[in-house]
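Just follow the structure's listing: the first ligand is 1, and inside any ligand the first atom is 1.
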Amino acid sequence: MSTRAPPEISVVVPAWNEEGNLETLHAELAAVLDAVGLTWELIVSDDGSADGTWRVLTRLNALDPRVKGVRLSRNFGHQAALLAGLAHASGRAVISMDADHQHPPDLIPALIDEWRRGSLVVHTVRTDDPRQGFFKRTTSRLFYRIFSTLSDSTVDPGMADFRLLDRQVLDELLRFPEEGLFLRSLVQWVGFPSARIPYECRTRYSGMTKYSLRRMLKFAWTAVTSFSLVPLRVAVVAGVMTSGIAFLAIVYAVGAHVLGFYTVPGWASILSILSFLFGILFIFLGIIGEYIGRILIEVKQRPRFLVRERIGTEPASGTPELEVRARRILDVSRGQPERGEWSEP
Ligand code: UDP
Ligand code: MG
């Protein structure tokens with residue numbers, strides 16, 4: 001199998017308990033991609049599903065060997081599952097999309113057209129869909145607005161992980177060793193000529209959304225702390241402001257004393273100022289703690305996913321986990337200082 005020429009297009013789909021979606025997704029993809037006339041593969045990354053996702057995949061692979069699968073050892077989360085799939089893709093262009101049919105396969109020919117016209121990244125932007133639920137729409141809009149302000153990189157609301165990446169861009173992305181992986185923003189960060197295509201989001205075909213409010217908040221917080229130092233800088237601004245106020249208060253107190261109209265100040269004002277300042281202090285201690293936590297996680301350099309088994313695909317030689325670790329070990333054994341960035345050998 002490995003001696004075959006790699007396909008032109010790889011479609012990568014992370015799937016967590018999506019047994020009811022894969023067969024129809026495969027059928028739709030096959031229809032669209034065969035019409036485009038390029039060779040293709042579908043790589044499903046089974047993110048530790050508890051349902052029959054892997055069974056469905058094995059069956060699909062027996063019917064159509066272009067369907068391939070990577071099964072992770074447990075649930076590692078959407079971004080890690082997506083990365084696992086991307087790491088196993090061999091196409092000249094890679095399209096990532098969700099398993100639940102919210103990302104319409106009919107858009108794929110348009111993505112490929114843009115790619116042929118020279119865009120190395122083709123984003124898709126969801127036009128607002130009233131069926132999506134008011135809560136999800138507003139929270140996601142709000143998040144992207146805050147995120148874009150905090151992090152110098154603009155991620156449009158409605159830009160999800162439905163996009164095409166050229167092999168060149170993908171290879172660059174696979175070299176990023178970070179754990180707090182937020183591909184939406186990283187794809188902006190790397191640059192390269194890009195295009196964007198609007199689309200209308202469909203409703204989920206089968207099953208429930210895998211993003212509970214708790215998961216969404218965690219996702220948002222990881223994204224902010226991996227991409228932005230602004231929360232830390234806010235601490236400095238708040239510190240300067242509060243010490244400015246404190247300085248004015250001292251001037252006032254001394255002035256009042258010297259001028260002789262010094263009165264015993266009420267304990268209520270002292271108490272409220274003290275508790276206000278302590279409040280700010282603890283908030284920023286918490287924020288600093290979060291960043292230290294992120295550093296701890298990053299420094300450990302644990303693999304971001306573990307593969308339990310594969311079907312129709314092999315460990316890619318460029319599996320980011322192995323490659324990055326090998327290089328680090330090499331660097332250390334050569335006695336070179338560890339650097340933030342590492343260069344080509
Ligand atoms: N997913 C995953 N692992 C997770 C959560 C989600 O692989 O821990 C997959 C899921 O199967 C789907 C995609 O990521 O293919 C997007 O998830 P979902 O549709 O639940 O998110 P939503 O569209 O509601 O934001
Ligand atoms: Mg979905």
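Using a 4.0 Å cut-off between a side-chain N of Lys or Arg and a carboxylate O of Asp or Glu, R59 and E23 qualify as a salt bridge. Note on R175 versus D171: no salt bridge recorded, every NZ/NE/NH1/NH2 to OD/OE distance being 4.0 Å or above. A salt bridge is absent between E290 and R294; no separation between the charged side-chain nitrogens and carboxylate oxygens falls under 4.0 Å.
The parts of D98 lying near ligand 1 are both backbone and side chain, judged by heavy-atom distances below 4.0 Å.
Of all atoms in ligand 1, listed by their number and element, those nearer than 4.0 Å to a heavy atom of A15 are 7 (O), 11 (O). For ligand 1, the atoms closer than 4.0 angstrom to any heavy atom of E18 are 10 (C), 11 (O), 12 (C), 15 (O). Shown in contact with N75 at under 4.0 Å from a heavy atom are these atoms of ligand 1, numbered in order with element: 3 (N), 4 (C), 8 (O). Contact atoms of ligand 1 toward A99: 15 (O) (distance under 4.0 Å to a heavy atom of the residue).
Here W189 and F176 bring their ring centres to under 6.0 angstrom of each other.
Residue V187 is tested with D161, V169, V121, L170 for a side-chain contact (heavy atoms from CB on, under 4.5 Å); the sole match is V121.
Between A81 and ligand 1, not a single N/O pair is under 3.5 Å apart. Residue-to-ligand polar distances place D100 within reach of ligand 1: an N/O pair is separated by less than 3.5 Å.
With the Mg ion (ligand 2) as vertex, D100 OD2 and Q102 OE1 subtend 100°, rounded to 10°.
Note on ring orientation: taking the six-membered ring where Trp is involved, the planes of F305 and H88 are tilted (angle from 30° to 60°).
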